[in-house]
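Only heavy atoms go into these numbers, but all of them, side chains included; no hydrogens, no water, no symmetry mates. All chains are named by letter (A, B, ...) in the order of the sequence lines, taking the proteins before the strands, and each is independently numbered beginning at 1.
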There are 2 protein chains.
Amino acid sequence: MPEECGERCTETCLCSLEGIITTVSKKWALLVINTIGHYQKLRYNEIMHELHNISPKALSDILKRLEREGLVRREVFKEIPPRVEYSLTEDGRELRRMVIPLLKWASNRHNLNVERCVNRYRRVRLHKIKDEQ
Amino acid sequence: MPEECGERCTETCLCSLEGIITTVSKKWALLVINTIGHYQKLRYNEIMHELHNISPKALSDILKRLEREGLVRREVFKEIPPRVEYSLTEDGRELRRMVIPLLKWASNRHNLNVERCVNRYRRVRLHKIKDEQ
DNA sequence: CAGTATCCCAGCGGATACTG
DNA sequence: CAGTATCCGCTGGGATACTG
């Protein structure tokens with residue numbers, strides 16, 4: 001095998017795979033982050049409506065995970081009927097920003113464009129990230 | 001819901017999730033890419049040795065997938081005994097470069113460092129990406 | 001409204017044995 | 001050496017019904 005690089009190179013631990021990367025790779029994660037980020041604040045059923053083929057359990061699961069990871073904030077209002085609002089934390093917004101270049105690169109490689117969206121996300125209205133200016 | 005942003009913002013389709021992102025999120029993907037990238041060229045059993053708790057099937061599966069995605073190149077030498085060498089394509093190297101900032105960011109958030117590596121990757125020697133200078 | 005509670009299934013990923 | 005072939009358990013994720 002070729003020799004390793006010298007002592008002076010910085011190392012980035014793949015252990016972070018256990019956290020964020022694993023979370024991001026969950027099926028609905030980026031879609032939920034993107035949707036919340038797009039509207040700033042959203043209620044549970046509004047997200048359900050936005051991603052209209054997600055099950056309540058799937059949404060509940062991913063929201064809890066995103067909250068645990070510190071990417072999404074959950075705000076409960078003591079009202080009847082109950083109201084809960086979801087928004088992105090600063091980290092969540094930052095992640096959204098960081099993932100865009102990767103997505104862009106991936107899109108280009110496969111020459112995907114609006115017309116070519118024929119997969120499982122087709123019916124999801126907000127399945128595109130709008131870059132903030 | 002708050003209003004959407006104007007017509008002038010660029011859109012990045014999450015459909016690319018179907019490709020690269022899905023691949024990258026596979027358990028051994030980044031580890032394999034990183035290992036091959038680190039040594040430039042590696043043979044099947046060398047990778048096995050490097051990631052010494054991966055099964056032959058798991059490695060075979062992920063290598064095929066990475067090859068299909070155009071991230072890894074497979075070179076067969078007609079010899080006896082057979083020799084096969086794996087290396088990164090330009091896209092593979094580019095991906096490796098692109099993921100590093102994300103990993104760095106993730107590592108920082110969780111204050112992970114060499115000492116704190118107590119998870120499933122612990123016994124994998126090359127579970128850290130060395131940044132190319 | 002904002003979720004749980006259940007049930008269920010496909011398929012990823014692991015272990016092991018075998019082969020051109 | 002570089003993989004396949006098999007078997008198999010786990011769990012991510014979906015559908016549906018129900019609740020504080």
dG3(C), OP1 or OP2 - any side-chain N/O from R74(A) closer than 4.0 Å? yes
Counting only Watson-Crick pairs (N1-N3 plus N6-O4 or O6-N4) and G-U wobbles (N1-O2, O6-N3), all under 3.5 Å, who is the partner of dG20(D)? dC1(C)
Side chain of P56(A): nearest nucleotide among dA2(C), dT4(C), dG14(C)? dT4(C)
I54(A) CD1 to dG13(D) P: how many Å, rounded? 10 Å
For atom CG of D61(B) and atom P of dT6(D), their distance in whole Å: 15 Å
Once you round it to whole Å, what is the distance between C1' of dC1(C) and NE2 of H49(A)? 15 Å
Does a side-chain N or O from K64(B) land closer than 4.0 Å to OP1 or OP2 of dT4(D), or not? yes
Please report the distance, rounded to the nearest Å, between CG in L31(B) and P in dG14(C). 11 Å
What is the base-pairing partner of dC7(C), counting Watson-Crick and G-U wobble geometry with both distances under 3.5 Å? dG14(D)
Report yes if at least one side-chain N or O of Y86(B) is closer than 4.0 Å to OP1 or OP2 of dC1(D); otherwise report no. no
Find out if a path of hydrophobic residues (ILVMFWY) with successive side-chain heavy-atom gaps under 4.5 Å connects L42(B) to F77(B). no
Given dA17(D), is OP1 or OP2 found less than 4.0 Å from the side-chain N or O atoms of K57(A)? no
Between the side chains of R97(A) and E90(A), is the shortest nitrogen-to-carboxylate-oxygen separation below 4.0 Å, so that they form an ion pair? yes
Between K26(B) and dG11(C), is there a side-chain N or O to OP1/OP2 distance below 4.0 Å? no
Rounded to whole Å, NZ of K78(A) lies from P of dA2(C) at a distance of 14 Å
Within the pair W28(B) and dG14(C), is there a side-chain N or O less than 4.0 Å away from OP1 or OP2? yes
Residues R65(B) and D61(B) bridged, charged N to O under 4.0 Å: no
With a 4.0 Å limit, can you tell me whether S60(A) has a side-chain N or O closer than that to the phosphate oxygens OP1/OP2 of dA2(C)? no
From CD of E75(B) across to P of dG3(D) the rounded distance in Å is 13 Å
Taking for each residue the nucleotide of DNA chain C with the nearest heavy atom, is it S55(B) or R65(B) whose nucleotide lies nearer the 5' end? R65(B)
Of K128(B), H127(B), R96(B), the one forming a side chain to side chain donor-acceptor pair (under 3.5 Å) with N34(B) is R96(B)
Hey, does the side chain of R43(A) come within less than 4.0 Å of dC1(C)'s phosphate (OP1/OP2), counting only N and O? no
The side chain of R83(B) lies closest to which of these nucleotides: dC1(C), dG14(D), dA2(D)? dA2(D)
Answer whether the closest heavy-atom distance between the side chains of L59(B) and M48(B) falls below 4.5 Å. yes
Let me know the distance between NE2 of H52(B) and C1' of dA15(C), rounded to the nearest Å. 16 Å
For the pair made of CD1 in I47(B) and P in dC1(D), what is the distance, rounded to whole Å? 14 Å
Residue K27(A), side-chain atoms from C-beta onward, closest of dG14(D), dT4(C), dG3(D): dG14(D)
Taking Y44(A) for the side chain and Y86(A) for the main chain, is one N or O donor matched with an acceptor at less than 3.5 Å? no
